[in-house]
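The structure under discussion appears below in the form of structure tokens.
Both ligands and their constituent atoms are indexed starting at 1 by order of listing. Keep in mind that what you see is a predicted model, and the values were worked out from it rather than measured. Scope of the values below: all heavy atoms of this structure, side chains included, with no hydrogens, waters or symmetry mates.
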Amino acid sequence: MEKVNFKLLNSLLKISPASLSPPYSAWFLSTVISKISRGLFHNGSWKYTKEEDCGSSNNNFSGEEKSYNFDYEEDEFIERPENFNYGINNQGVQKEKEIFNTRRNIRKPNWQNIKLKALKKNVYINTPHIENRSEEEIENYRKLYNLTLQGNNIPNPILKLSDYEFPKEVVKSFKNMGIETLTPIQAQGWPVVLKGHDFIGIGQTGSGKTLGYIVPGLVHVLNQPPLEEEDGPIGLVLAPTRELVQQIHDVSVDMFTESHLKIICLYGGCGVNIKNKQIISLRKWPHFCIATPSRLLDFLEIGATNLNRCTFVVLDEADRMLNMGFEPQIRRIVKQIRPDRQMLMWSATWPKQVQKLAHNFLLNFIQLNVGSSELYANSHIKQEIEVCEPFAKQDRFVQKLRELKSEHEKILVFAQTKVQVDFVVNLLNKKSLFAVGMHSDYIQKSREYVLKRANIPILVATDIASRGIDVSDITIVINYDFPPCIEDYVHRIGRTGRAGKTGTSLSFITSDDNMNAIKDLIKLLEKGNCEVSQSLYNLSKREKELKEMKRKFKGFDVHQYSRFRNKFK
Ligand SMILES: Nc1ncnc2c1ncn2[C@@H]1O[C@H](COP(=O)(O)OP(=O)(O)OP(=O)(O)O)[C@@H](O)[C@H]1O
């Protein structure tokens, strides 16, 4: 029976053009040749023996032979039923999904019939120093940082770390992590969350929102009765991408070390072996869990964990989580969580479309906006815009990059699609500007590597890297393609200018870009008192006129009319 190394097959199928550049091409060729010689490229279903290819003999399937199939949602191989038939045009994949969908069904628990464990929601300690602060001092602080608050019974902010009696484990972690001051979103957010309120925290990119929920999350867990057998995690953080989940996990581990509480992270796209490790970690009674929604749902559906003890729930990048297809998953997960939970939502952007939806999940919440209740970009970022013709964009981009390369150590470039990322990487490598790409087709290990560990001067990515990712040495962000929605622009450029540092963004804009986003960009720049070039105004005006003409001359060839009009103007 033929044996296939799935990890390598996966890498080969998903190989990006960037990997064909000199350092990788030799490895690529040798791998292809060795795979051909082992009979990799055969028709029919893939078979492998787990012991060899998963590298572990401790899993359930050691020694036995099973068929596996690639799950595009989970981005990894999943077990396939015996006698499974692919059929023509992947009809089989569809059928397989149906089979698995029916197998995986979780019901909403009937909370009235379940005896819930005791919950201590308000873990705030009244500290005279904070309570006795004058109203004037508090007002001044809120005005200074432009804090807008909505809701009732709002506690005073914690202005200094020494003002509040944090548990000793937390104080030790602060020392280890070198945290001496609070950012405004932490100063006002922490007491609200510690009091047990549901909360929406909106603050600019890089303003410290992660610790904004991790610190009160840790205090919450420390105040709950200990976990017992069969209990799931007490704290749960949901985030949209694997990279973000891993990053939040890293920050949380630093914070939780002194308290010896267990913290785990769950994400897909990492192969069966890691999935098994994740299941094992779930069985070791973790106190806190950071997860992507689909992977957590998967584990809930196979019964690997439950959320009966979960009382502290966080949606990071909440607007993203309630949008773009995540919302049904979030609903299904939240149904599994007891109704008297505490729920928090955090983001740098809070578009109107998701606001109403968010309120469905929260009870008597307090909302904090740091900066402004309207959309705005981090004021530490210098925003530059370059308007050009679509055909001139490539050359202009390469020219600009050559100029910027000497000034900036690490440059992050955003392109709109995976194909576009590969195209830009190829373009730059051909021009001897060494660049590496990152998008969802890259294997997880290489995604982690290029983001955090590698010394790569130019990284080209899709929006997968736009939210929450905290890489300290990115000093410039370039939008090769302008995003179709302004919130994505704010998050993308927010990868620079973090934690009070300054940064620069450069965006290329052509008439091919989404004009609604351009209009929003003009508003954003005007609100932030940034200079708006005449060419940007002209572009927006020209498109407005064209739209107007299209409306008037419906059925006519508008472009022909436009040329005609320009000729005789
Ligand atoms: N109190 C603090 N003192 C010093 N540094 C801090 C403090 N809080 C956060 N930071 C640092 O600020 C940086 C940005 O924090 P974080 O990633 O939490 O930002 P964010 O608001 O979540 O950004 P985004 O909206 O992009 O997700 C991190 O490197 C973090 O270590």
Could you identify the single nearest non-hydrogen protein atom to [atom] and state the distance to 0.1 Å?
atom	answer
atom 27 (O) of ligand 1	Gly468 CA, 3.1 Å
atom 23 (O) of ligand 1	Gly206 N, 2.8 Å
atom 18 (O) of ligand 1	Thr210 OG1, 2.8 Å

Partner of Glu317 by side chain to side chain contact (heavy atoms under 4.5 Å, CB included), out of Arg467, Lys209, Met345:
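Filter result, single survivor: Arg467.
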Heavy-atom donor-acceptor pair, [X] side chain to [Y] backbone, under 3.5 Å:
X	Y	value
Ser134	Glu137	yes
Asn479	Ser507	no
Gln367	Leu149	no
Asp513	Thr510	yes
Arg495	Ser466	yes
Asn378	Gly497	yes

For Phe361 against Met343, the heavy-atom pair lying closest together:
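Closest approach of Phe361 to Met343: O-SD, 3.8 Å.
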Among [options], whose heavy atom sits nearest [atom]?
atom	options	answer
atom 30 (C) of ligand 1	Ile179, Leu161, Asp470, Val251	Asp470
atom 1 (N) of ligand 1	Thr181, Val471, Leu211, Leu244	Thr181
atom 21 (O) of ligand 1	Arg467, Lys501, Gln247, Lys209	Lys209
atom 8 (N) of ligand 1	Glu180, Gln186, Arg498	Gln186

Below 30° counts as parallel, above 60° as perpendicular, anything between as tilted: where do the rings of Phe508 and Tyr480 land?
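Plane angle between 30° and 60°, so tilted.
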Which atoms from ligand 1 have a heavy atom of Ala499 less than 4.0 Å away?
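Near Ala499, the atoms of ligand 1 are 12 (O), 13 (C).
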Within the 4.0 Å heavy-atom shell around Glu317, which atoms of ligand 1 are there?
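Ligand 1 atoms under the 4.0 Å threshold to Glu317: 27 (O).
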Does ligand 1 have any atom that is closer than 4.0 Å to a heavy atom of [X]?
X	answer
Gly203	no
Ser207	yes
Arg495	yes
Met177	no

Is there a protein heavy atom less than 4.0 Å away from atom 4 (C) of ligand 1?
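Neighbour list for atom 4 (C) of ligand 1 is empty of protein heavy atoms (cut-off 4.0 Å).
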Less than 4.0 Å between atom 10 (N) of ligand 1 and some protein heavy atom, yes or no?
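Protein heavy atom within 4.0 Å of atom 10 (N) of ligand 1: absent.
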When only distance counts, is Gly208 in polar contact with ligand 1, meaning an N/O pair under 3.5 Å?
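Yes.
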Output yes when Lys382 and Glu384 qualify as a salt bridge under the 4.0 Å nitrogen-oxygen rule, no when they do not.
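The answer is yes: the pair qualifies as a salt bridge.
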